[in-house]
Amino acid sequence: SDKFQASFQKIKYLGTGYNYVGYNTRRYPFNKKEVRQAMAYLINREKVRDTLLESLAEITTGNFWIRSPQYNKALLPRQFNPLKAEELLIKAGFTRPENKGLWQYNGEDFQFELLIPSSSSFYEQFSAVVQQDLQKIGIKMEIRKVDFQLLVEKINQRDFTAIMLGWSTPIESDPFQLWHSSQLKSGHNFTGFSTARMDQIIEQTRQISDSKKRNKLYQEFHQILYDN
């Protein structure tokens, strides 16, 4: 009715949560930086955004909220580019004779299992898109749907190769919980990735009250994650 239209507004806004695929960097094949970089070129996020999410999402490049001053806006999303991914796999020592079958490293096939929560239809649809694209290039990804409680147990035991989950972040977030080396064994840094410089930035920013200086360090932190 006219009264309803005059009294209410329908507003779109960007949430502070994000979905991600986390790789266990302790395990083959994601213990190699070039492989992780290659995967960034092999996940067609644009297609997922425009189809499954009806263009109601933005592609992010790091752990900070995309509208936050912590976020390094100079870092652009990697576009879907299988040829670039192949270059990185070759750099990492992988081979694929005559472009047939699966990529291999020292005779071991490039195949892995992706764990997803069984309760999420989006994760199921997303992983199916990725699985098809990876199969075309010579990578086998098996999708395993598990109950969330079992998923948590797998995470706590570091018993996974790749996992898809979501995370909600405040406007300004402290990366300690997810990325500090003290969280590697039993905390939330279950992907196993950390560097001495990341630790240093995390610890320094907790002692800096000047937001501009703090955000400059956070943007450096973002760059480290992006590069690795």
Using side-chain heavy atoms (C-beta onward) and a distance below 4.5 Å, is [X] in contact with [Y]?
{"X": "Phe176", "Y": "Ser182", "result": "yes"}
{"X": "Val130", "Y": "Ser127", "result": "no"}
{"X": "Pro175", "Y": "Tyr218", "result": "yes"}
{"X": "Val35", "Y": "Phe110", "result": "yes"}
{"X": "Trp167", "Y": "Leu178", "result": "yes"}
{"X": "Tyr18", "Y": "Ile66", "result": "no"}
{"X": "Asp133", "Y": "Phe80", "result": "yes"}
{"X": "Leu88", "Y": "Phe94", "result": "no"}

Using the rule that Ile, Leu, Val, Met, Phe, Trp and Tyr join whenever any side-chain heavy atoms are under 4.5 Å apart, tell me whether [X] and [Y] fall into a single cluster.
{"X": "Leu75", "Y": "Phe64", "value": "no"}
{"X": "Leu134", "Y": "Tyr123", "value": "yes"}
{"X": "Phe221", "Y": "Leu217", "value": "yes"}
{"X": "Leu114", "Y": "Leu102", "value": "no"}
{"X": "Ile143", "Y": "Ile163", "value": "no"}

Would a distance-only check, ignoring hydrogens and angles, find a side-chain to backbone donor-acceptor pair under 3.5 Å from [X] to [Y]?
{"X": "Asn72", "Y": "Gln223", "result": "no"}
{"X": "Trp65", "Y": "Gly15", "result": "yes"}
{"X": "Thr61", "Y": "Leu76", "result": "no"}
{"X": "Gln70", "Y": "Ser173", "result": "yes"}
{"X": "Gln219", "Y": "Pro69", "result": "yes"}
{"X": "Arg36", "Y": "Thr25", "result": "no"}
{"X": "Tyr20", "Y": "Asn63", "result": "no"}
{"X": "Trp103", "Y": "Ile90", "result": "no"}
{"X": "Thr169", "Y": "Thr16", "result": "no"}

>> I'd like to know if Glu58 pairs up with Arg67 as an ion pair, taking the criterion as any Lys NZ or Arg NE/NH1/NH2 lying under 4.0 Å from an Asp or Glu carboxylate oxygen.
In response: yes
> Pick from Phe112, Phe160, Phe193: which one makes a ring-ring contact (aromatic ring centres under 6.0 Å, His included) with Phe30?
Replying inline: Phe112
> Distance from Gln37 atom CD to Lys33 atom NZ, nearest 0.5 Å?
Replying inline: 5.5 Å
> Could you give the distance from OG1 (Thr195) to CG (Leu225), rounded to the nearest 0.5 Å?
Replying inline: 8.5 Å
Side-chain donor/acceptor pairs under 3.5 Å, residues 38-48, sequence neighbours excluded:
unit_1 : atom_1 : unit_2 : atom_2 : d
Asn44  : OD1    : Lys47  : N      : 3.1
Arg45  : NH1    : Ala40  : O      : 3.2
Arg45  : NH2    : Ala40  : O      : 3.1
Arg45  : NH2    : Arg78  : O      : 2.6

> Applying the salt bridge (charged side-chain N to carboxylate O under 4.0 Å, His left out) test to Glu220, which of Arg197, Arg214, Lys213 qualifies?
Replying inline: Arg197
>> Around atom CD of Glu203, are there more than 12 heavy atoms from other residues, nucleotides or ligands closer than 6.0 Å?
In response: yes
> How are the rings of His222 and Tyr226 set relative to one another: parallel (under 30°), tilted (30 to 60°) or perpendicular (over 60°)?
Replying inline: perpendicular
Which pairs would a plain distance check flag for residues 145-155, meaning a side-chain donor or acceptor within less than 3.5 Å of a matching protein atom at least two apart in sequence or in another chain?
unit_1 : atom_1 : unit_2 : atom_2 : d
Lys145 : NZ     : Glu124 : OE2    : 3.4
Asp147 : OD1    : Ser118 : OG     : 3.2
Lys154 : NZ     : Asp159 : OD2    : 3.0

